[in-house]
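One structure is given below, encoded as structure tokens.
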Amino acid sequence: MSKTAFTPRVFSGIQPSGNLTLGNYLGAVKRFVEMQESGIQTIYCMVDLHAVTVWQDPEKLRHNTRELAAAYIACGLDAEKSILFNQSQVSGHAELGWLFSCVARLGWMNRMTQFKDKAGKNAEKMSLGLYAYPALMAADILLYHTTHVPVGEDQKQHVELTRDIAAKFNHDYKTDFFPIPEPVIDGAGTRVMSLRDGSKKMSKSDPSDNSRINMTDDADTIAKKIRKAKTDPEPLPDNLDALKDRPEARNLINIYAGLSDQKPEAVIAEVAGQQFGQFKPLLADLAVAKLAPIGDEMARLMGDVAEIDRILGKGADRAAEIAEPILAKTFDIMGMVRSR
Ligand code: AMP
Ligand code: TRP
């Protein structure tokens with residue numbers, strides 16, 4: 001078996017389920033933009049087929065998909081440089097997702113911690129799609145022969161499952177057709193925590209709006225949420241080790257580092273000795289300076305929904321052009337007759 005060299009290609013996606021957060025921005029979108037500028041082909045998706053693994057109000061899903069597209073663009077993604085589209089407009093995702101659900105093993109799916117977290121004690125009442133979703137995510141990635149997948153820390157296990165699916169497919173069909181993609185998880189923002197509880201991930205779905213900063217929050221709301229963020233009475237130390245048991249403090253340092261493009265080590269050296277009464281206003285100013293213009297631009301873009309839909313349609317055409325021969329070859333490898 002010869003080893004195929006794959007051209008580097010980036011793919012990532014975010015669910016259009018509302019409330020894009022600072023965690024999505026620092027963990028994902030900001031890094032999507034950096035990769036767009038690196039010269040590699042980049043494909044970024046609004047994964048609406050994933051969103052419906054839990055019930056979505058149809059009007060809200062349509063709105064949230066367009067709003068996520070607006071967020072991508074407002075954060076610096078450029079539809080000329082990157083392929084931007086919503087997943088359901090390229091049918092190959094669902095088709096390859098089915099094929100991969102026949103490659104993935106139940107034992108592998110049973111180890112997925114995100115399903116356990118989301119389903120909790122109610123697993124019996126969850127949709128089959130929520131359980132099967134990592135096979136669809138593998139299809140999203142491999143449909144484009146993707147080599148690099150920028151994601152936050154919480155998606156690492158799903159990218160590893162994607163690697164297992166690619167390797168098993170290649171092994172079972174004695175081929176080297178699919179690449180083994182690499183997760184790209186780096187920077188200070190790979191795991192942004194809740195502003196109310198430093199042991200919980202900042203999440204779109206947290207019932208408390210004060211636990212997160214939404215990309216649509218205005219300047220006053222951003223500043224207020226940071227002022228109210230849970231902290232402790234100690235001043236900031238001069239090294240990160242001393243923050244080991246202070247998750248809320250560590251989280252604010254990480255957020256500052258992510259927003260200012262610095263390493264957390266450099267931030268802690270700069271703010272050593274400060275009380276939160278001093279540090280929080282600095283962080284609030286920085287967050288407002290970085291995020292408020294993005295929110296404003298999103299609102300402006302949402303004023304022309306037809307233009308957003310045009311961008312998504314064109315992106316889907318370009319994505320389908322890459323996906324179709326890869327899907328056709330997959331069917332062929334598996335022995336499906338193709339005669340039309
Ligand atoms: P989701 O909102 O679950 O569709 O996540 C979209 C992307 O944002 C994925 O790459 C996640 O890993 C990333 N992400 C979501 N929440 C966070 C967080 N709190 N910190 C860092 N990255 C996150
Ligand atoms: N599962 C990811 C999340 O919930 C979103 C996602 C779907 C994704 N398909 C993907 C991320 C492919 C990267 C690549 O955050």
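We count residues from 1, following the sequence as given. Indexing begins at 1, ligand by ligand and atom by atom, following the structure's order.
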Applying side-chain hydrogen bond (donor to acceptor under 3.5 Å, both in side chains), can you list everything that pairs with Lys201, at least two apart in sequence or on another chain?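 With neighbours one apart ignored, the set is Asp154.
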
Using a cut-off of under 3.5 Å, which N/O atoms of ligand 2 pair up with protein N/O atoms, and what distance separates each pair?
unit_1	atom_1	unit_2	atom_2	d
ligand 2	1 (N)	Tyr133	OH	2.3
ligand 2	1 (N)	Gln155	OE1	3.1
ligand 2	4 (O)	Gln15	NE2	3.1
ligand 2	4 (O)	Tyr133	OH	2.7
ligand 2	4 (O)	Gln155	NE2	3.4
ligand 2	9 (N)	Asp140	OD2	2.7
ligand 2	15 (O)	Gln155	NE2	3.2

Residues [X] and [Y] bridged, charged N to O under 4.0 Å:
| X | Y | value |
| --- | --- | --- |
| Arg62 | Asp309 | no |
| Lys81 | Glu37 | yes |
| Arg212 | Asp206 | no |

Relative to each other, are the rings of Phe279 and Phe276 parallel, tilted or perpendicular (30° and 60° limits)?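 Plane angle over 60°, so perpendicular.
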
Could you list the donor-acceptor pairs under 3.5 angstrom formed by side chains in residues 282-302, with sequence neighbours left out?
unit_1	atom_1	unit_2	atom_2	d
Glu297	OE1	Arg300	NE	3.0
Glu297	OE2	Arg300	NH2	3.0

Just to be sure I understand the cut-off, which residues have at least one non-hydrogen atom under 4.0 angstrom from an atom of ligand 1?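 If the criterion is a heavy atom under 4.0 Å, then ligand 1 touches Ile14, Gln15, Gly23, Asn24, Gly27, Ala28, Val151, Gly152, Asp154, Gln155, Gly189, Thr190, Arg191, Val192, Lys201, Met202, Lys204.
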
Main-chain N/O of Phe178 paired to Asn170 side chain as donor or acceptor, under 3.5 Å: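 Judged by distance alone, yes, a pair lies under 3.5 Å.
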
How far apart are the C-alpha atoms of Arg31 and Asp186, what are their side-chain angles, what is the distance that settles it, and do they pass the salt bridge (charged side-chain N to carboxylate O under 4.0 Å, His left out) test? CA-CA 9 Å; Arg31 295 171 42 254; Asp186 52 29; 3.4 Å; yes

Is there a donor in the side chain of Ser38 and an acceptor in the side chain of Glu34, or the other way round, less than 3.5 Å apart?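 Result is no, nothing qualifies.
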
